[in-house]
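Here's the structure, in structure tokens; my notes come after.
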Amino acid sequence: MILTILASFLLISGSLFGLIAAIGILRMPDLYCRMHAATKAGAFGTSLMVVGLILIMPELRVFIQGLLIIIFFYLTAPVAAHMIGRANLLREKGEADSSET
Amino acid sequence: MFSEIPQLPEAVILICRIILGIALFLSGWRLFIGPSLGDRIVALELVAALMMSNFILQVLSSGFISYLDIALALAVISFLGTVAFARYMENRRQLP
Amino acid sequence: MNLIIAVLIGLLFASGLFCILRRSLMKLVVGIILLSQGANLLVFSAGGLVNDKPAFATADTLLPPAGHADPLPQALVLTAIVIGFGLVVFSLSLLLRAHAATGTDDINAFDQTDRLS
Amino acid sequence: MKASRLITRILYTLEFTGFYLFEVVASNLRVARDVLLPAGRMNPGFVRVNVEGMSERQLLALANLITMTPGTLSLDIIDGKELLVHSLYVEDALKDAKDLEETFKERICRVF
Amino acid sequence: MLIVLIMAVLASGTALATTGKRWQHGWQCFLVPAPAAVSFLLVTFAAMPEVIRQGSIAYTAKWIPQLDVELALRLNGLGLLLLILVTGIGALILLYAVGYMKGHPQATRLFLLLYLFMFSMAGLAIADHMLLFFIFWELTSISSYFLIGFQHKEQSARQNALQALIVTGLGGMALMAGFILIAQVTGTWNLSELPALSGQIQTDALYVPILILVLLGAFTKSAQFPFHFWLPNAMSAPTPVSAYLHSATMVKAGIFLLFLMLPVLGGTGLWTWLLTIAGAITLLTGGAFGLVQHDLKKILAGTTVAVLGLLTLLLGIGTERDVLAALVFLFGHALYKATLFMVAGSVDHETGTRDTRILGGLYRGMPWTAVAATLAAFSKMGLPPFFGFLGKEYTYKASLESEYQWLLTTILIVGNAIILALAFKAAILPFWRKAIHPLPEKLHDVPWSMRLGPILMAGLGIAIGTFPFLIDPLISSAKSAAMGYSVQTEIKLWHGLNLPLILSALTLSAGLCIIVSREWVENMLRNVTIPGPAKVYDILMDGMVRFAIWQTRLLQSGQLRNYLLIIVGVTTALISFKLWRFGGISDLSLRGINSPELVVITVLMAIATLLAVTTQSRLTALIALGLVGFGVAWIFAYFSAPDLAITQILVETLTVVLFAWVVYKLPQLRTLSSRRTIITDAVVSGAAGILITILVLKSQTLQLGSSISKTLSEWSLPEAYGANVVNVILVDFRAIDTWGEVCVVTIAAIGVWALASGNGNSKDRKSK
Amino acid sequence: MIWLLATILVPFASALACLLTSKRPHLNRILGVSGAMLLLASSILLLMTVLKSDFVIMQGGSWAAPFGITMIADMFSALMVLITGIVAAAVSVYSLQDIDDGLVRRHYFALFHFLLMGVNGAFLTGDLFNLYVWFEVMLIASFVLITLEGKHDQLEGGVKYLVINLVSSILFLSGVGLLYGKIGTLNMADIAARLAESPDALLLKSSAMLLLVAFAIKSAMFPFFFWLPASYHTPRLAIAALFAGLLTKVGVYALIRSYTLFFSTHFGEIQDILIVLAAATMITGVLGAAAQYDIKKILSFHIISQIGYMVMGLAIGSVLALAGAIFYILHHIVVKTNLFLIAGLIVRHRGSSDLKRIGGLYRMAPYLSLLFIVPAFSLGGIPPLSGFWAKFTVIKAGLDGGHYLLVGAALAVGILTLYSMTKIWAEAFWKEAPEDLKETSPQLIRASSVIPCVVLAAITVTLGIYSAPLFELAFTASEQLLNPEAYIEVVLNQAQHHESIAFNN
Amino acid sequence: MNSTILNITARYLSPVIFLLSLIVLYRGHNYPGGGFIGGLLAVSACLLVVLARGWEVTESKWWPDSITLLVTGLAVTAVSGILGVLAGEAFLTGLWLPALDVPLLGKVKLGTPLLFDLGVYLAVMGFSLKCASALGQEDWS
Ligand code: NA
Ligand code: NA
């Protein structure tokens, strides 16, 4: 029962973080700020839901795969953000260069 | 192959779906309006994350654990897509 | 559910056809992609749509759950997706090459081979 | 000798994990607040963190950590010396960089 | 077997002819014509007695039993007559040709074609199976095509060859249809069985079409009005060819067909009317044509047309008398006309011209030729005791007994008078009048190989004219064959002083009048010349080509959009029509919606689709497509297809990644079409989309029987050891599909690589 | 069964071998040609097996019939496979000269064999979706082949060819999907059996129409033929010959197969459409040819008009008509392939295929004249060449069936066909060469380019003079097609047999 | 210009993804996955390396040659079919070994369908690599 409530809480709050991420990328003023929201809240929301799932379905497969997803997420999301940010930086720099010349 | 469908109030899943639906819509919106490529990539990444959340819900509603496989594949491939786009963004200015 | 999917398939077909009717080379690829998405969905939905019951046999009954989704259209669509993947990538290359060779992106300019002089 | 080092390493790792998890939760709450409430206190800007002498693996971990913690996002490594960080709340770029360095660098070097 | 032997001898001639260029000197001249002569001798001395005794000789062998086609050969009296003409005249003409073509680089080809043609004509004479007859019929058209176009460097020769081929070819097509219908009505393909079944044909509803189709064949081949125009044009062939094809033989093929069909289709009012009217007009048209010509060969062509008309007219009336007259006339005509063509060729050969306005006094240089010409001309003029006289007498005899006797007789008199005048103009004047222009210095007669034929045939004309009983058995047997029952005939030169003789005298005087006033007649005719069927042919051919060009421009416009618009439009229309016809759109399945985020996904996909269609940015299009693909994956996952969902996600992303690499090398997305075009396209594709939606909705309501996938699911784990039914289907149940699919991607990879790695020659093409 | 499999596996293996050896053109050529010869041999053996036992059947994966994929050769299939083998052999030898090392390195021979694999697969499959797959194999191989050189006009034509054929594939796929959704099976025999029980379902009609259009596009029928004249004249002539011979005929094959086997109960509804389309195809095709002045383009349009005759045979639908159609297909494949190959020789002689720019071949190359005459007149339906029998049979069937207008069109088109052929003859052979051409000397022509033409011409003559054996086969095939019960029983009874084994295990 | 962070990530991640692809290939008969999905995942691993280190990496010795992959893949599919023929059955008939108990993996049942799937895996890999290098590496002008 407790587990059910906890899982429900995690699932719903996970979804809510997904929503926050979405609102974030819609409302934030520029790309970098949007990336804050998307990278952090997106990964977090999904991870919460995975945890909720693991709680309510106590099976080895769920646990392993769920953990894999979370690790993978937390490993790749920052790298992805880094790549986008870097590319944007380079692009802005390039535009600046070309406008100078 | 199929596990027992966990005892979870249906309302929970429905609420989650509604929330995710709204989130999806909003990120789709950002995807459409852009304005920069980076914005779109970020939005697409978020869509992928929301899709993964959805697959988790699907595990709950069907008891079919392998939906997690899709989520995993999605995680892998969405990372690849993002990186590719980012590389492309860098290269773009070098091209005529 | 069916209505919304059906409308979506119709939309994909209509948009795909509209795109391949355009003169811009690039639109052709867009059209081909949309059309093949539409066709895949059509085949997929033709077998009937079932929610949350994939066709996986369980160890105890040796059978998929009752009322499971039809696996055959899924297999067909999978084949079609792969074939479509090959075709789309090839189409893209063809258009790239054609664009590079002719120096135009207007298909209306592609009338040297079969216009009667 | 070796065993004790291993144990310290494990302890540090656990500590780091705990720290990381806490930061993650905190950062997400912060994001939630920033997103949902009017963005009055935000002052986005760039911060450069000195990362000289760090191994590649440590660099990776640092960048990751910075991104996942509240208000910061690592963008790029400049010439292998500096990590360019985007921060939502820049008060004093130099001081912030110092803070980041102090909070994370040591922890990372201990674990990785 | 005898018939086969004759054919084999002719075929061997074809083989011999390929070496014909070597045999042009001295006695070797006889080598090329030898097979023809041998077959002539075989026909005359071996086959003729048999045919006269038995009525016919036959040979049958299997050929294509599935189509009821057999090698049915049968030589009867009629065929015999034709065969004698073909081989006899053929041998002489070949001899003539050897001389005529001496030194010509393509002599061999001419001999070859002449033999081919002779073979086909002989086949025509002996074919009993209608299809076999038709095959030989077509072969004569084809060989005449090559013969007319022999002087192939001249555009006119090529055009005339084509004209002849098209006209006779059209007739051939009609004839084939006619034959098929005859076989359909009677149940037999054998010509010899048809006369007995004539009642069955003539009462059948298909009689009129059959008659018209067969007559089309005969008329085109025999140059009947309004298809006569090709024959004078065919004179661009070398003279031996004209002599052979267009006088003696090929044009007679049509008449031969009329003979064959007379007992089958003849005797009805329609037959009579069609043949007599066509024959009469042809007679007069041909004559008038000849009168205005100055070219020897054209004049002769005109008379040929006239005679063919006369023969048709006779066959149109179609009584015993008419048949007899036609047979005699045909035989006589073949002899003198072949002679005259050869003479014309000889004149051309020696003087270099065939213009009657220039020629004169040739008797001095070419005495032998002059004699032959004169004898042939007398025969043609119908003077006694020449063969031509017999023909004319029997013709008048026949016409006087017919229904519209005076009308027909008048026409015949006019026609014969013109023929007489033309004979004078073509064969008498050039030799015997005073030379108008100085003759070539060393005018001499043609070599004897070119003399022998004309003289022999001209002599035969007077011989038969004097001793007509010589041909009695032949003509009787031919007539029996033509009538379909056995008759005996006696041909006599002198019938006493009777009406036909008086008419002959009348003809002679009328002819003399024309000769005397020939310049006036010429002018008059020239002034009244009206655009004839030749013009119609030109207009039709021209119109066909123009229409073809117009149609091709319209359909094959080079614009991909038009092609697709037609394809999509027609498909939509066809299916909508089927749906509407069978009351399709009443029972659609419209089930409810129970998944909120699926609605969102679908809406997003819809927006993304529209964005992909409308955006001007390549990147936006790419991302929108990516979203559509993700949406599809979502739908797959939602509706229990995890494998599909994963595949879709992977494929979609990889596609986008691959695209991203080249996106800036890709052409821009531009809107180039006009507003109107866009609206049209939107309407058409929208209609197609709606149709697809309806089809999908329908597919959900109707289901017949149970799906095979039920069994597949049952077998999957126990039989194929796999729990994932979709995968088991892919790698086991339907592994062949997957195998093919793997081949597809392999080929695609080769293609992409080939397109990427260089462009062979495209660069130099670009500069063009 | 082994020979049935061999006709698909041999080109597959050849393709792989050629893929691996593409860097050694000489070896590649040897492999390519010997692969084609092996294919010819196995197709002959397949036909002999079919002669002995009526059907050769292989249930893919040994799964009982409607559940796995059935590969089956009846007489029609076996004949089509045989003719494919013949064309393959001829074109592969011709390719020795026509295809240069550059193209060999671009995997010409591998693609060639993949194409053959697709074609044979399409002829032999007894499964509707599998047919789609083979179609795709064939199509993608043809896409690549047509653009292999990357020339300007090839790319232009290729784009049109690609897009229109992709539309056709999409329609095909949709049709198959809807059909499956409706009747729950993909095995053609099973479809036929199930449809026989419930003949009048509405959706079937629409899927029948979708498939009709899809096949009509593949077979270049009016008004779907545009891709063909746009592209067929652009690739090397060996490639064009291969396409001209085989590709559209696969579409016709599919039409005949589907409308005799499983849509036979709907044949009445489709007959009118087929008749109209057949006539229109003949006429527009032949007029298109009349408007052209380039040998390759003329020949391309003639493919279309000849397709009309084949469809006419199907539309009439009697035993005679279908036998005629089958004979027509076989004859036409030989003739059309040959004409394209000969066009290649003309180009080699004269450097162009534009009738306005060439001439004088009659004097210059008498052997070529003779070589051209045989297939050209056969195409024109001149007796006693093969084309005459083909045309005659179809026309007779039409008259027997009372389709007078259709026959009228067929006859008129026959004359116009002859017109086009004589146009080529008169302009390329009879006409004197234009001044600027007189000095150009012809390129070397190797025996390997001439021998295939001679062999194909010999086949044409033989099929004309001694057509009885082939007609025997064509009639057998036609009767099999029109009485599909045997076919269905062979496929499905085997099924039951296997099923019992499956359940005993 | 290559990113160090991506480079390190790719170095760790690619082998993992590659391993994952093999697992997916093997499990495909019973779980979602199979040759096609596995192949695409493997390609993703390769592409990740390419994205991180540039196309130069494809010139190294251990980089798989795409034509070889394609041919091997196709040959493997055909061999798995021909094995059925050799066993006296139809083409592509599944032949299975008795189930084995393998530590870690549990019950393992090997058969020609898995071999077939392996062929698909290789071919898909070959295809995608070939296309990627054609599109990414060539200049298309
Ligand atoms: Na497709
Ligand atoms: Na074709």
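What you see is a predicted model, and the numbers here were worked out from it, not measured in a lab. Residue numbers begin at 1 in each chain, while the letters A, B, ... track the order of the sequences.
Among the candidates E:Val752, E:Leu712, E:Thr738, the residue making the largest number of heavy-atom pairs closer than 4.5 Å to chain F is E:Leu712. Contact tally against chain E (heavy-atom pairs below 4.5 Å) for F:Ile8, F:Ile69, F:Val133, F:Val144: the top residue is F:Ile69. For chain E, the option among F:Glu432, F:Arg363, F:His107 with the highest count of heavy-atom pairs below 4.5 Å is F:Arg363. Ranking E:Val545, E:Leu170, E:Ile692 against chain F, the residue ahead of the rest is E:Leu170, based on heavy-atom pairs under 4.5 Å. Across E:Glu154, E:Met541, E:Glu741, E:Met544, the residue that shares the most heavy-atom pairs under 4.5 angstrom with chain F is E:Met544. If you tally non-hydrogen atom pairs under 4.5 Å between each of E:Gly740, E:Gly172, E:Ser557 and chain F, the highest count goes to E:Gly740. Ranked by heavy-atom pairs under 4.5 Å with chain F, the list E:Val744, E:Ile64, E:Asp737 is led by E:Asp737. Interface remark: of the candidates E:Gln159, E:Met173, E:Gln66, E:Gln66 forms the most heavy-atom pairs closer than 4.5 Å to chain F.
Both the backbone and the side chain of E:Ile567 come within less than 4.5 Å of a heavy atom in chain F. Interface remark: E:Gln551 contributes side-chain atoms only to the contact with chain F (heavy atom separation under 4.5 Å). Heavy atoms closer than 4.5 Å to chain E are found nowhere in F:Gln154, neither backbone nor side chain. If you measure heavy-atom distances from F:Met138 to chain E, you find no contacts under 4.5 Å at all. Both the backbone and the side chain of F:Leu399 come within contact range of chain E, judged by heavy atoms closer than 4.5 Å. If you measure heavy-atom distances from F:Leu416 to chain E, the contacts under 4.5 Å come from the side chain alone. Looking at F:Phe471, the atoms closer than 4.5 Å to chain E (heavy atoms on both sides) sit in the backbone and in the side chain alike. Contacts of E:Ala177 with chain F are made by both backbone and side-chain atoms, with heavy-atom separations under 4.5 Å. With a threshold of 4.5 angstrom between heavy atoms, F:Leu115 does not approach chain E through any atom at all. For F:Asp190, the part lying under 4.5 angstrom from a heavy atom of chain E is the side chain only. Only the side chain of F:Leu111 comes within contact range of chain E, judged by heavy atoms closer than 4.5 Å. Only the side chain of E:Leu564 comes within contact range of chain F, with at least one heavy atom under 4.5 Å from a heavy atom of that chain. With a threshold of 4.5 angstrom between heavy atoms, F:Phe377 approaches chain E through side-chain atoms but not through N, CA, C or O. In this structure, chain F has no heavy atom under 4.5 Å from any part of E:Phe136. Heavy-atom distances place the side chain of E:Val69, and not its backbone, under 4.5 Å from chain F. When heavy atoms are compared at a cutoff of 4.5 Å, E:Arg109 approaches chain F solely by way of its side chain, counted from C-beta outward. If you measure heavy-atom distances from F:Thr284 to chain E, the contacts under 4.5 Å come from both the backbone and the side chain. Of the two parts of F:Val167, only the side chain, counted from C-beta on, holds a non-hydrogen atom closer than 4.5 Å to a non-hydrogen atom of chain E. For a residue to count as touching a neighbouring chain, one of its non-hydrogen atoms must lie under 4.5 Å from one of that chain's; by this rule E:Leu206 touches chain F with the side chain only. Only the side chain of F:Leu320 comes within less than 4.5 Å of a heavy atom of chain E; its backbone N, CA, C and O stay farther away. Contact of E:Ile736 with chain F is made through backbone and side chain together, with heavy-atom distances under 4.5 Å. Within the 4.5 angstrom heavy-atom criterion, atoms from both the backbone and the side chain of F:Ile140 approach chain E. Interface remark: F:Ile373 contributes side-chain atoms only to the contact with chain E (heavy atom separation under 4.5 Å). The contact between E:Ala720 and chain F is made by backbone and side chain atoms together, counting heavy-atom distances below 4.5 Å.
Considering F:Phe388, F:Trp389, F:Phe392 as possible partners of E:Phe134, the one that fulfils the ring pair (Phe, Tyr, Trp, His ring centres under 6.0 Å) test is F:Phe388. Partner E:Tyr563 forms a ring pair (Phe, Tyr, Trp, His ring centres under 6.0 Å) with one of F:Phe224, F:Phe225, F:Phe226 and no other, that one being F:Phe226.
Annotation: cation-pi pair E:Arg734/F:Phe67 absent, no NZ/CZ under 6.0 Å from the ring centroid and within 45° of its normal.
Aromatic ring centroids of E:Phe146 and F:Tyr362 lie 6.0 Å or more apart.
For the pair F:Lys160 (side chain) and E:Gly558 (backbone), a donor-acceptor distance under 3.5 Å is present. Looking only at distances, a side-chain donor or acceptor of F:Arg106 sits under 3.5 Å from a matching main-chain atom of E:Ser757.
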Next item on the list: Evaluate ring pair (Phe, Tyr, Trp, His ring centres under 6.0 Å) for F:Phe12 paired with E:Trp739, printing each intermediate quantity in order.
Entry: CA-CA 11 Å; F:Phe12 176 78; E:Trp739 192 44; 4.8 Å; yes
